[in-house]
Q: 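Structure below; questions to follow.
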Amino acid sequence: QVQLVESGGGLVQAGGSLRLSCAASGSIFMLNAMGWYRQAPGKQRELVATITSGGITNYVDYVKGRFTISRDNAKKTMYLQMNGLSPEDTAVYYCHAQIRTHWGVRDYDYWGQGTQVTVSS
């Protein structure tokens, strides 16, 4: 079994910072691309940022310059440093990973349970 567990969410004032973590555990042969998504109330889940196993990153325009995605492959952990937060960033943040559990099988998509980020004005 594979688990993705997010942590680090909370309540912060506008302009503040938070650091999210996503730890992968279980039967993992290869941890490939990972990413952060978010879902605000009444809205669809949307991409925030992605990072390949080699560290290549990609961001959506509205977080560029404010958020930084990173990962520690040895710890099987991904991070999202969020600076300059605004109330528009309020959402549940989800961790996503493409994981191969055994040699010879394809990657499967896994999701964490989500962590709430609330930014007050």
Side-chain angles (χ1 to χ4, degrees):
Q1 287 183 332
V2 172
Q3 272 194 316
L4 297 178
V5 178
E6 300 103 331
S7 61
L11 173 65
V12 65
Q13 288 188 331
S17 299
L18 283 174
R19 188 191 194 208
L20 305 183
S21 298
C22 170
S25 63
S27 178
I28 299 173
F29 174 72
M30 191 174 294
L31 182 58
N32 291 319
M34 302 181 77
W36 289 98
Y37 290 72
R38 68 187 187 186
Q39 187 167 18
K43 295 187 177 181
Q44 289 189 330
R45 190 173 298 188
E46 60 184 11
L47 173 68
V48 175
T50 61
I51 185 167
T52 67
S53 57
I56 297 173
T57 60
N58 184 55
Y59 300 90
V60 294
D61 286 345
Y62 47 81
V63 305
K64 283 181 180 178
R66 299 190 298 127
F67 292 9
T68 302
I69 189 172
S70 61
R71 62 191 284 171
D72 184 330
N73 290 330
K75 294 182 179 180
K76 295 185 177 64
T77 301
M78 174 179 64
Y79 307 96
L80 185 68
Q81 177 66 43
M82 305 186 292
N83 299 327
L85 286 162
S86 72
E88 289 69 34
D89 295 314
T90 294
V92 177
Y93 283 70
Y94 295 92
C95 167
H96 169 264
Q98 293 179 321
I99 296 173
R100 191 170 304 176
T101 56
H102 299 86
W103 181 86
V105 302
R106 68 172 180 88
D107 294 355
Y108 285 88
D109 292 317
Y110 291 88
W111 292 90
Q113 82 288 351
T115 185
Q116 177 70 47
V117 171
T118 303
V119 185
S120 63
S121 57

Q: Indicate the atoms forming the closest heavy-atom contact of M34 with C22, along with that distance.
A: CE-SG, 4.3 Å
Q: Measure the spacing between OG of S120 and CD of Q13 and express it to the nearest 0.5 Å.
A: 5.0 Å
Q: To check you understand the geometry: which heavy-atom pair defines the closest contact between I99 and V2, and what is its length?
A: CD1-CG1, 3.5 Å
Q: So do the side chains of F29 and T101 get within less than 4.5 Å of each other, counting heavy atoms only?
A: no
Q: If you draw a 6.0 Å radius around CD in Q3, do more than 12 non-hydrogen atoms from other residues or ligands fall strictly inside?
A: no
Q: In the single-linkage hydrophobic clustering (I, L, V, M, F, W, Y; side-chain heavy atoms under 4.5 Å), do I69 and V92 co-cluster?
A: yes
Q: Just verifying a value: how many Å separate I51 CD1 and I56 CD1, rounded to the nearest 0.5 Å?
A: 9.5 Å
Q: Does NZ or CZ of R45 fall inside the cone over Y94's six-membered ring, less than 6.0 Å from its centre and within 45° of the axis?
A: yes
Q: Taking all non-hydrogen atoms of both residues into account, name the closest pair between S53 and N73 and its distance.
A: O-ND2, 3.1 Å
Q: Report yes if the side chains of V117 and T90 come closer than 4.5 Å at any heavy-atom pair, otherwise no.
A: no
Q: Following the transitive rule for hydrophobic clusters with a side-chain heavy-atom cut-off under 4.5 Å over Ile, Leu, Val, Met, Phe, Trp and Tyr, establish whether M30 and W103 coincide in one cluster.
A: yes
Q: May I ask you to test the L80-T68 pair for a side-chain heavy-atom distance under 4.5 Å?
A: no
Q: Distance only, no hydrogens: is a donor on one side chain within 3.5 Å (strictly under) of an acceptor on the other, for Q116 and T118?
A: yes
Q: Testing the 3.5 Å rule here: is there a donor-acceptor pair between the side chains of N83 and S17?
A: yes
Q: Would you say that Q98 contacts D109 through its side chain, given a criterion of any heavy-atom pair below 4.5 Å between the two side chains?
A: yes
Q: Please find the pair of heavy atoms, one from N32 and one from R71, that lie closest to each other, and give the distance.
A: O-NH1, 2.8 Å
Q: Would you say V5 ends up clustered with W36 if hydrophobic residues are merged whenever their side chains have heavy atoms under 4.5 Å apart, either directly or through other cluster members?
A: no
Q: Is there a side-chain contact between C95 and Q113 (heavy atoms, below 4.5 Å)?
A: no
Q: Which heavy atom of L4 sits nearest a heavy atom of Y110, and at what distance?
A: CD1-O, 3.4 Å
Q: What's the spacing between S27 OG and R100 CZ if we round to 0.5 Å?
A: 13.0 Å
Q: Does the plane of the ring in H96 sit parallel, tilted or perpendicular to the ring in Y37? Use 30° and 60° as the thresholds.
A: perpendicular
Q: Measure across A91 and Q39 and return the closest heavy-atom pair with its distance rounded to 0.1 Å.
A: CB-O, 3.4 Å
Q: Below 4.5 Å, heavy atoms only, C-beta onward: do R38 and E46 meet side chain to side chain?
A: yes
Q: With the 4.5 Å side-chain cut-off for hydrophobic clustering, are L20 and V12 part of the same group?
A: yes
Q: Looking at side-chain heavy atoms only, is the closest gap between K76 and I28 below 4.5 Å?
A: yes
Q: Honestly curious: do V60 and F67 fall in one hydrophobic cluster under the side-chain, below-4.5 Å linking rule?
A: yes
Q: Side chains of Y59 and V48: closer than 4.5 Å at any heavy-atom pair?
A: no
